[in-house]
Amino acid sequence: MNNREPLRTPAITRRAAMQSTGAAVLGVAAWAAVRALQWRPEPVFVAKNQRYEGALSTTIRDGLVACGFKPADFRGRRVLLKPNLVEPSRRIPHMTTHPAIIVAAAEVFRTWGASVRVGEAPGHVRDTLMALAESGVGEALDDGGLEFADLNYESVAWRRNTGRFSPLKGLYLPQSVLGADFVVSMPKMKTHHHVGMTASMKNFYGVLPGIKYGWPKNVLHHNGIPETVVDINCVLPRTLAIVDGIDCMEGDGPILGSRKSMGLVVVGPNVAAVDATVARIMGLEPERISYMKLASRAVGPIDDRSIEQRGEPWRRVASPFNILDRPYLQSLRSDHVALAT
Amino acid sequence: MNRLLPHLERLAADQRWTYRASRESSAEPAAWSALALASHGQADAAIAACTWLAGLQQRDGSVGVNAREAEPRWPTSLAILAWNAVDQTSGQQRFRTPIERAIAWSLRDQGKTAPRSPEVGHDTEIVGWSWAAATHSWLEPTCFFVLALRSTGNAQHARANDGLRMIRDRLLPDGGANYGNTVVMGQALLPHIEPTGLALLCLAGSQSVSNDERLPKSLDYLRSEVHERTAPTSLAFACLGLAAHGRRPSKATDWMIGHLERARPALSAYERSLLLLAAAQDARWAGIGPVAATYSLLQVAAT
């Protein structure tokens, strides 16, 4: 089960498209291209002037409501919050999701009657307790009475790879992920020196268990980063996104980049639409980012015309992020940003 | 009363060897449990874990991560260490056959190499061991297999030498180590305590690193980072690595006991085993039995 079924129904059916253009001509690739243009509009909420010391739970609640969620959607449901704790270091707090936004999100879902856990499989460190300590998340969870699920070492189950963008026949997922009704991606807004940027979808690399995929999860790299990002997003239970865009990372992300303060929180029910909006805010063109292009065929819309902006329009808060001086990264820059700068 | 004893007794009584996150026995916690018990001279108590590990062994000699998951197979290295420790401590050869089969598999297994790249600071052509099949070599599994080969008298094998070369190669320019990348796109990556401790454990006694300034820098890094609140597994690996170079913090055992006695967070068998293994190096505990030299079991100091 996933959230794509009720929300992603294309405005035309595959059969209708095949009939109208000729089944012999319109192959699978063409169908994918058609489908990418046919997503129902997805809402994305952007809040500005946010601070970690501020009323983040109010912002998150407002964002979820603005995107069409109701408290009843979460009553009695199991919500797994998935922050980004890839390689926490006290020296680089802007690398990982801030504890305050995790606790604030938990408060919202708990108030709405959900049972909430926080889960992560840190990608670069085997000692998860150390990762929790370095990130400050462990202390915050203790204070908030929140349970943590160490996704690196949990028992796993295999699920067929319904995305099939990579050669992997299936993916192993931890029990806490499989048992969740909602998996909430809570990434940090960051540049990424291999794929341009990382937000909600790439953050889900961190639901796969290190005990099966290693530290780092090199199995995924060998099967294609863009392809496996989309595959993971295709096999998860229903997902949504709450992005920590307050203190962000630019330059040599996702680990060693510089801090860029944006003061933003981005919320949405469709991770592809959220990430496309985040990319535009960062001055990048989603259609040029390989995994987003793939995601537009299976996860959700990235076309600006298919995204309903709630809260602040992204153009008002956009501020180009520094990216490394590599042709494959510079080519991801949005044209209008390049012209404006 | 010896404050380690109740924790050793609990470890000896364990019939499940688990990580914190799972109720399912896993190969790694079982192996560290056996090593810890053997290091404290309790080889008999370690036999249950070793027998369970032998039951996991596949036809090809490898050992998977748990009873349900035959892959990946990196715990093969730790099973070798555990079996060998028990055999050495007991003076018997109960696990000789599993060890031989596991070594044969380990010598066949290798991580992928890649052509060197100007964007990456380390030597991607050195053959080590990977976490999962058909992926690159990484620091920690390579350390585990090097220790396994050394402990079984294969210290001079070409694969052990290559592994040691890789471990040295992956030390960061300013000391310390991480999962196995050093410099990427011109920036040195971050060191972490656990892999640094493990790398230093492997490099102890190695002539090849004796004049490498990254070695003292790595030791200094660990000494500056480790303290009583350091998380249990990082603390254990740090102390194993520091002790192998004569730099063990004087309060290390007290810190470990602090973790063992603290009610929260409750320790898993995995964490308890590592703390007890690292605590076995403290001569003050010699009264609890023939504290076997952990290093002898790991065959580090002898190189």
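Just so it is clear, the values below take in all heavy atoms, side chains as well, and ignore hydrogens, waters and symmetry mates. Numbered from 1 within each chain, the chains take letters A, B, ... in sequence-line order.
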Do [X] and [Y] have side chains that approach each other closer than 4.5 Å (heavy atoms only, starting at C-beta)?
{"X": "A:I211", "Y": "B:E69", "result": "no"}
{"X": "B:H192", "Y": "A:E87", "result": "yes"}
{"X": "A:I255", "Y": "B:Q187", "result": "no"}
{"X": "B:S234", "Y": "A:M130", "result": "yes"}
{"X": "A:H194", "Y": "B:M185", "result": "yes"}

Specify whether A:H124 and B:Y179 have parallel, tilted or perpendicular ring planes, treating 30° as the upper limit for parallel and 60° as the lower limit for perpendicular. tilted

Pick one of side chain, backbone, both or neither for B:R68, based on which atoms fall under 4.5 Å of a heavy atom in chain A. side chain

Between B:F237 and chain A, with a heavy-atom cut-off of 4.5 Å, which part of the residue counts as in contact: side chain, backbone, both or neither?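 Neither the backbone nor the side chain of B:F237 comes within 4.5 Å of chain A.
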
Looking at [X], I want to see if its [atom1] is surrounded by more than 12 non-hydrogen atoms of other residues, nucleotides or ligands under 6.0 Å.
{"X": "B:R116", "atom1": "CZ", "answer": "yes"}
{"X": "A:R90", "atom1": "CZ", "answer": "yes"}
{"X": "A:E139", "atom1": "CD", "answer": "no"}
{"X": "A:D325", "atom1": "CG", "answer": "no"}
{"X": "A:R160", "atom1": "CZ", "answer": "no"}

Part of residues 126-145 of chain B lying next to chain A, heavy-atom separation under 4.5 Å: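 Hits under 4.5 Å: B:W131, B:A132, B:A134, B:T135, B:H136, B:W138, B:E140, B:F144.
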
For each of A:H221, A:R91, A:R326, A:Q175, tally heavy-atom pairs with chain B at distances under 4.5 Å, and name the one with the top tally.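 Among A:H221, A:R91, A:R326, A:Q175, the one with the most close pairs to chain B is A:R326.
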
If every non-hydrogen atom of B:A21 is compared with every non-hydrogen atom of A:D150, which pair is closest and at what distance? CB-O, 3.5 Å

Enter the distance from B:R20:CZ to A:E154:CD here, rounded to the nearest 0.5 Å.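 Separation between the atoms: 13.0 Å.
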
What part of [X] is in contact with chain B, defined as an atom under 4.5 angstrom from a non-hydrogen atom: side chain, backbone, both or neither?
{"X": "A:L324", "answer": "side chain"}
{"X": "A:P88", "answer": "backbone"}
{"X": "A:D142", "answer": "side chain"}
{"X": "A:S89", "answer": "side chain"}
{"X": "A:L129", "answer": "both"}
{"X": "A:V125", "answer": "side chain"}
{"X": "A:I92", "answer": "side chain"}
{"X": "A:H222", "answer": "side chain"}
{"X": "A:Y172", "answer": "side chain"}

Quick check on the interface: out of B:L190, B:N178, B:T233, who has the most heavy-atom pairs with chain A under 4.5 Å? B:L190

Using a distance-only test with no angle check, is there a side-chain donor-acceptor pair under 3.5 angstrom linking A:S155 and B:E24? yes

